[in-house]
There are 2 protein chains.
Amino acid sequence: MKIDDAAARLEALGNRTRLQIYRALVRAGRSGMPVGRLQDKLKIPASTLSHHIKSLVAVGLVNQVREATTLICHANYDSMQGLVDFLVSECCADEAECKNAKTAA
Amino acid sequence: MKIDDAAARLEALGNRTRLQIYRALVRAGRSGMPVGRLQDKLKIPASTLSHHIKSLVAVGLVNQVREATTLICHANYDSMQGLVDFLVSECCADEAECKNAKTAA
DNA sequence: CCCATAATTCCAATATTCTAGAAATACAGT
DNA sequence: ACTGTATTTCTAGAATATTGGAATTATGGG
């Protein structure tokens, strides 16, 4: 993963509201959750919510599937996993020891 | 971890420059890296660099130890691990199946 | 105490993000 | 086509972040 992609994903998650959205979707699992339900759950205006969801979709952390008039949102696990891998990779690349952190990755 | 702490850490990493700083420190491993060397490496003005480092320290992702006139910066692995754990935790909490993502955590 | 090096803080300009109401669009049922 | 529900886009003001030069502080050597 390129550093700009990683930064974009981290930035997307680095906002309380968007992180709440993302967590709700992670909790919802494979079945996902419609935009409307997110709105009920998080109590934020539709337009605000829509903007935040758009950010998450733009960086690939969230996918959407239309089902009639409702849009179902899904957390994209692969995208998150790629980000996590990026974060823990190259640990101590410029150093010798450091076994702990390597196993943590 | 509280969601606000997680969001703060993600926001700190969600900026190209700060992510570059953090990665350089991760690569440097236990020995860390002085602020001045980061400046040489990343070619950014001292004040800008200092601001960014301060953000990373504020959220606990980076620690600093003074050694004479130079300040050595270290990536805090525990802090990062806590963040990663937070991100992959509670996957599918509201659903039944979903084994893949669980094992990924 | 004075100097040099390392790094931070002060300050201000610029840029970006966040928020949300209002208007517009998407879709399905009748 | 008309209506209602779901959601997005338009728009713009307020808030926050980013940047970097200049001044300041921190530390140790002579």
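Below, chains carry the letters A, B, ... as their sequence lines are ordered, and counting in each starts from 1.
- Going from atom CG of A:Leu10 over to atom CG of A:Asn15 covers 13.0 Å, rounded to the nearest 0.5 Å.
- Expressed to the nearest 0.5 Å, how far CD of B:Gln81 lies from CG of B:Asn76 amounts to 11.0 Å.
- For B:Gln64, a side-chain nitrogen or oxygen approaches OP1 or OP2 of C:dT8 to under 4.0 Å.
- Distance B:His52 NE2 to C:dT8 C1': 15 Å, rounded to the nearest Å.
- Nucleotide D:dG20 holds its P atom 15 Å from the NZ atom of B:Lys43, rounded to whole Å.
- Under a 3.5 Å cut-off, the side chain of B:Arg16 and the backbone N or O of A:Asp4 do not form any donor-acceptor pair.
- Across the protein-nucleic acid pair, B:Lys54 atom NZ and D:dA17 atom C1' stand 13 Å apart, rounded to whole Å.
- Nearest-nucleotide positions on DNA chain C for A:Ser47 and A:Glu67 put A:Ser47 closer to the 5' end.
- Atom NE2 of B:His51 and atom C1' of C:dA13 are 13 Å apart (whole Å).
- Going from atom CG of B:Leu71 over to atom C1' of C:dT5 covers 13 Å, rounded to whole Å.
- In this structure, B:Ile53 places its CD1 atom 12 Å from C1' of C:dA6, rounding to the nearest Å.
- Put simply, A:Ile53 and A:Ile44 are part of the same group of oily side chains (I, L, V, M, F, W, Y) that touch within less than 4.5 Å, one to the next.
- Of the residues in residues 6-27 of chain B, those placing a heavy atom less than 4.0 Å from an atom of DNA chain D are B:Glu11, B:Asn15, B:Arg18, in numerical order.
- Between A:Leu61 atom CG and A:Asp78 atom CG the span is 11.5 Å, to the nearest 0.5 Å.
- In this structure, A:Ile44 and B:Ala46 both approach DNA chain C, and ranking their closest nucleotides by distance from the 5' end singles out B:Ala46.
- Taking NZ of B:Lys41 as the start and CG of B:Leu49 as the end, the distance is 13.0 Å to the nearest 0.5 Å.
- At whole-Å resolution of the value, CG in B:Asp40 and C1' in C:dA7 are 13 Å apart.
- Atoms NE2 and OG1, from B:His52 and B:Thr17 in turn, are 4.5 Å apart once rounded to the nearest 0.5 Å.
- Contact check, B:Thr69 against D:dT27: no side-chain N or O comes under 4.0 Å of OP1 or OP2.
- OP1 and OP2 of C:dA26 both lie 4.0 Å or more from every side-chain N or O belonging to A:Arg66.
- DNA chain D is contacted by both A:Leu49 and B:Thr48; A:Leu49 maps to the nucleotide lying nearer its 5′ end (nearest heavy atom per residue).
- Distance, A:Ile72 CD1 to C:dC27 P: 14 Å, rounded to whole Å.
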